[in-house]
Participant: 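Sharing a structure, written as structure tokens. Questions coming.
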Protein chains: 2
Amino acid sequence: MARLPEYLRALTSLAEAGISVCSSEELAAAVNVNSAKLRKDLSYLGSYGTRGVGYDVDYLRYQIAREIGLTQDWPVAIVGIGNLGHALANYSGFGSRGFRVAALLDAAPERCEESVAGIPVRSFDDLDAVLAETPIAIGVIATPAGAAQGVADRLVAAGITSILNFAPTTLAVPAGVSVRKVDLSVELQILAYHEQRRAGAEELRGAAIAAAGEEQSA
Amino acid sequence: MARLPEYLRALTSLAEAGISVCSSEELAAAVNVNSAKLRKDLSYLGSYGTRGVGYDVDYLRYQIAREIGLTQDWPVAIVGIGNLGHALANYSGFGSRGFRVAALLDAAPERCEESVAGIPVRSFDDLDAVLAETPIAIGVIATPAGAAQGVADRLVAAGITSILNFAPTTLAVPAGVSVRKVDLSVELQILAYHEQRRAGAEELRGAAIAAAGEEQSA
DNA sequence: CGCGTTTTGTTCTCACGTTCACAAACTCCT
DNA sequence: AGGAGTTTGTGAACGTGAGAACAAAACGCG
């Protein structure tokens with residue numbers, strides 16, 4: 001389930017606050033979900049709570065981390081070291097959960113600095129050589145939209161089965177390869193849509209009030 | 001619907017390729033969705049296709065853009081000009097669709113350069129003053145997790161009703177405020193989960209084959 | 001002008017996810 | 001030890017969204 005990471009983060013917050021036991025109600029409130037849904041999600045990975053008491057924060061944290069696979073190391077390669085690639089390479093939250101930036105690749109490595117965040121930038125053409133040196137589990141595409149599909153194809157051909165795509169394109173990949181997409185522009189458009197609907201509703205309300213006023217005056 | 005932006009992008013691609021008419025089947029293939037679902041989505045905003053022919057690319061593009069609200073200007077403020085804030089301010093895809101970075105805010109503006117991408121960085125304490133100078137429709141939070149809720153509260157208090165949150169926290173906001181979340185770490189964890197399941201399935205297959213072999217030999 | 005072909009718009013069915021509600025189980029207090 | 005109060009885990013209803021199938025409509029051709 002896609003909610004497990006959220007639960008995990010909330011549990012980590014609780015643990016840092018010194019709380020060692022919490023109820024499904026409390027945890028659900030922290031993640032803004034229904035408590036029944038949360039309990040069902042947790043029950044899916046086993047009965048790790050005690051009735052009448054709640055969940056042991058640290059124990060549940062470990063169980064969720066194990067379910068997600070965070071007990072192992074996930075080496076990540078970032079392709080495309082532009083503005084976004086830089087920011088991603090420097091992103092501290094990366095390493096905190098078993099994810100490790102193991103390689104930086106760019107079509108034109110001479111264009112950017114030789115190393116970013118202490119990691120050398122290699123040429124994307126050397127992909128196979130890099131993979132031979134260090135295993136890579138997840139490829140992050142931070143290239144312009146035009147290059148994304150080509151990069152994805154080559155990553156898949158090199159044996160990578162998990163891709164996180166920041167380029168504003170829908171990638172076509174064979175079955176058995178997971179792709180997650182992060183798209184700034186889509187999120188903004190969704191916000192704009194709701195914002196516009198709110199504005200439209202307000203106008204309608206205003207018009208209705210005006211019409212009511214006219215009716216009264218008529 | 002959250003798929004409209006995807007359709008819009010695919011249509012733009014088609015238009016750039018010089019295609020002026022397309023069927024629901026073609027468009028659906030470009031976005032990796034079922035054609036019936038696509039037709040249903042489009043019919044929700046009116047009957048803009050012609051049976052036996054398909055959809056006029058430019059016309060449909062305009063209709064979707066109008067539905068989303070992209071025919072107007074959406075001024076955006078970015079709060080938190082760290083690594084990510086920099087990258088966002090410089091992100092070119094921002095302006096392409098009616099979104100315009102109208103203000104950059106940071107708790108400590110003296111820490112970063114005076115201006116990023118040609119836009120001056122103001123102090124977040126001057127939020128009200130900035131809003132008085134220039135209208136802001138959408139607030140983008142690119143601060144560390146700890147500061148995010150406080151920033152959100154102040155944005156909401158200042159009258160902003162749409163927030164795009166890049167900080168790894170779930171924000172609590174009053175009803176009537178839209179929040180979209182972009183969370184790198186969650187996406188990676190979802191990928192890791194699937195990757196682990198794939199690895200686990202492979203092991204199980206291997207074990208089953210081994211067991212079958214043992215059975216045969218027994 | 002009418003028929004066949006193509007493609008939309010829509011209806012119906014189904015499956016999934018969410019929510020409610022309750023029984024089982026555990027703790028605390030007397 | 002027993003009962004009251006909590007809280008989990010889960011079975012059943014509910015609503016929503018997805019997919020298949022079909023009717024209506026537009027175009028082209030004879």
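Note on naming: letters A, B, ... go to the chains in the order of the sequence lines (proteins, then strands), and numbering restarts at 1 for each one.
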Participant: Quick one: which of dG19(D), dT8(D), dG9(D) gets closest to the side chain of Ser43(A)?
Facilitator: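 Closest nucleotide to the Ser43(A) side chain: dG9(D).
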
Participant: With a 4.0 Å cut-off on heavy atoms, is Tyr48(A) in touch with a base, just the backbone sugar-phosphate, or nothing at all?
Facilitator: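 Result for Tyr48(A) = sugar-phosphate.
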
Participant: Consider the side chain of Lys37(A), meaning its heavy atoms from C-beta on, and name the nucleotide among dA18(D), dT18(C), dT8(D) that approaches it most closely.
Facilitator: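 The answer is dT18(C), which lies nearest to the side chain.
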
Participant: So which one's nearest nucleotide on DNA chain D is more toward 5', Gly49(A) or Lys40(A)?
Facilitator: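 Between the two, 5'-proximity favours Gly49(A).
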
Participant: Nearest to the Ser47(A) side chain among dG9(C), dT11(C), dG9(D), which nucleotide is it?
Facilitator: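 So the side chain of Ser47(A) is nearest to dG9(D).
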
Participant: Atom CD1 of Ile68(B) and atom NE2 of His194(A): how far apart are they, to the nearest 0.5 Å?
Facilitator: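 Result: 11.0 Å between the selected atoms.
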
Participant: Would you mind telling me which of dT18(C), dA18(D), dA20(D) lies closest to the side-chain atoms of Asn34(B)?
Facilitator: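 My answer, after comparing the listed nucleotides, is dA20(D).
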
Participant: Tyr59(A) and Tyr48(A): aromatic ring centres closer than 6.0 Å?
Facilitator: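 Between Tyr59(A) and Tyr48(A), the centre distance is under 6.0 Å.
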
Participant: Nearest nucleotide by nearest heavy atom, which residue falls closer to the 5' end of DNA chain C, Ala36(A) or Val53(A)?
Facilitator: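 Nearer the 5' end of the strand: Ala36(A).
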
Participant: Hey, which sits more toward the 5' end of DNA chain C by its nearest nucleotide, Arg39(A) or Gly52(A)?
Facilitator: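 On the 5' side of the pair lies Arg39(A).
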
Participant: Measure from CG on Asp41(A) to C1' on dG17(C) and round the result to the nearest Å.
Facilitator: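 Atom-to-atom, Asp41(A) to dG17(C), this comes out as 10 Å.
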
Participant: Closer than 4.0 angstrom, basic N to acidic O: yes or no for Asp125(A) and Arg154(A)?
Facilitator: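 Here Asp125(A) pairs with Arg154(A) in a salt bridge, since their nearest N and O are under 4.0 Å apart.
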
